[in-house]
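Structure, as structure tokens:
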There are 2 protein chains.
Amino acid sequence: MLRGPRARRHHGGRWRVLARVERFAEPALLLLLRERPAHGYDLLERLPELTGEARVEMGNLYRLLRGLEEEELVSSEWDASSPGPAKRRYAITPAGERLLDHWAEALRRSQERTARFLARYEERR
Amino acid sequence: MLRGPRARRHHGGRWRVLARVERFAEPALLLLLRERPAHGYDLLERLPELTGEARVEMGNLYRLLRGLEEEELVSSEWDASSPGPAKRRYAITPAGERLLDHWAEALRRSQERTARFLARYEERR
DNA sequence: TCTTACATGTGTCTTTCACATATAGATGTG
DNA sequence: CACATCTATATGTGAAAGACACATGTAAGA
């Protein structure tokens, strides 16, 4: 129950807690794409700037990108211009920008909840 | 992909984003129990003080409490003193308090990550 | 030639969580 | 008394997100 990907056993019989925001990869991708269009591998390398220690797994990233495209939150096309393996270049859509705005609001509310939690935690530490 | 329990369809064909912290019910329970021992139903009513709009579902709460007890993060005993249906009174253990401390640290790191995200979001809004 | 970096994917299992349902004692209301 | 409601604790089940492993192909460099 406490085991698993988000709270892993770790040397010394303690649980490693990450306290990640659910589906944080999604707003992170949208934010990176709002700054500039990019392809998947590029996003994979830039994501840790936003997600930190909690890396996004490669396979899931590409699935997430295709999911976002199905929802018309991003668009993509094969980029034949540059050399090397074929790459798909993604760009954010207006609907994607609106969703990012909603994420930002939700993240602000999340910040407030967590701040209240931490204040209450410190109260009688 | 964007559907489901955490991002629900909502009037007007838009996705409601909640941005909750994963497994937040766990530190919330530990914090409430550190303040004073309580039984499940009592915790169920007090949890919204910490979780806000994101309610904890009853069935999952009792499962979570038993899971925490298996890990010896809380202890419990049947409370025959008060009238009404039998209730199980939970208390936090020293291991539970240590885990709560780890959650607090993780939540602070989460706050910083989210703050960086929001700052970057505002940058070129 | 062989390895490594770049680039995009699929298969599959576990964990978390939502939603529905079951059980039972106590209390109030017609 | 019958019936509903509140208190209290559970189980069953299915969907979504994510971890981990693997597959495929191009290109550059040792």
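First the proteins, then the strands, lettered A, B, ... as listed; each starts at 1.
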Between C1' on D:dA17 and OH on A:Tyr62, what's the gap in Å once rounded to a whole number? 19 Å
Quick one: which of D:dT11, D:dA10, D:dC20 gets closest to the side chain of A:Arg63? D:dC20
May I have all residue pairs that pass salt bridge (Lys or Arg N to Asp or Glu O under 4.0 Å) and include part of residues 109-118 of chain A, sequence neighbours excluded? A:Arg109-B:Glu53, A:Arg113-B:Glu53
The side-chain contact (heavy atoms from CB on, under 4.5 Å) partners of A:Ala91 (sequence neighbours excluded) come to A:Pro37, A:Ser75
Nearest-nucleotide comparison on DNA chain D, the residue closer to the 5′ end among A:Val21 and B:Trp78: B:Trp78
Below 4.5 Å, heavy atoms only, C-beta onward: do B:Thr114 and A:Ser110 meet side chain to side chain? no
Taking atom P of D:dA8 as reference, at what distance in whole Å does atom CZ of B:Arg46 sit? 13 Å
Taking ring-ring contact (aromatic ring centres under 6.0 Å, His included) as the test, write out the residues that go with B:Phe24, two or more places apart. A:Phe117
From C-beta outward on A:Met58, which listed nucleotide comes closest to its side chain: D:dA23, C:dA18, D:dT9? D:dA23
Hey, is B:Arg120 close enough to B:Glu123 for a salt bridge, meaning N to O under 4.0 Å? no
Can you tell me the distance, in whole Å, between the CG atom of B:Leu61 and the P atom of C:dA18? 12 Å
Can you check the A:Leu68 CG to D:dA16 P distance for me, whole Å? 16 Å
Can you measure B:Lys87 atom NZ to D:dA10 atom C1' for me and round it to whole angstrom units? 16 Å
Going by the rule side-chain contact (heavy atoms from CB on, under 4.5 Å), which residues pair with B:Ala104 if we only count those two or more places apart in sequence or in a different chain? A:Leu118, A:Tyr121, B:Arg108
Quick one: is B:Arg55 getting a side-chain N or O under 4.0 Å of the C:dC19 phosphate, OP1 or OP2? no
By side-chain contact (heavy atoms from CB on, under 4.5 Å), which residues pair with A:Ser82, not counting sequence neighbours? A:Asp79, A:Lys87
note: B:Leu47, atom CG; D:dA8, atom P; distance rounded to Å ~ 15 Å
At less than 4.0 Å, is any side-chain N or O atom of B:Arg66 found next to OP1 or OP2 of D:dT11? Yes or no. yes
Of all of residues 27-45 of chain B, which get a heavy atom below 4.0 angstrom from DNA chain C, listed by number? none
Given atom CZ of A:Arg23 and atom P of C:dA18, what is their separation to the nearest angstrom? 13 Å
Got a donor-acceptor pair under 3.5 Å from the side chain of B:Glu57 to the base of C:dC19? yes
How many Å lie between CG on B:Asn60 and P on D:dT13, as a whole number? 15 Å
Check every strand shown and say whether B:Ala86 touches a base, only sugar-phosphate, or nothing at a heavy-atom separation below 4.0 Å. sugar-phosphate
Consider the side chain of B:Arg88, meaning its heavy atoms from C-beta on, and name the nucleotide among C:dT8, D:dG18, D:dA10 that approaches it most closely. D:dA10
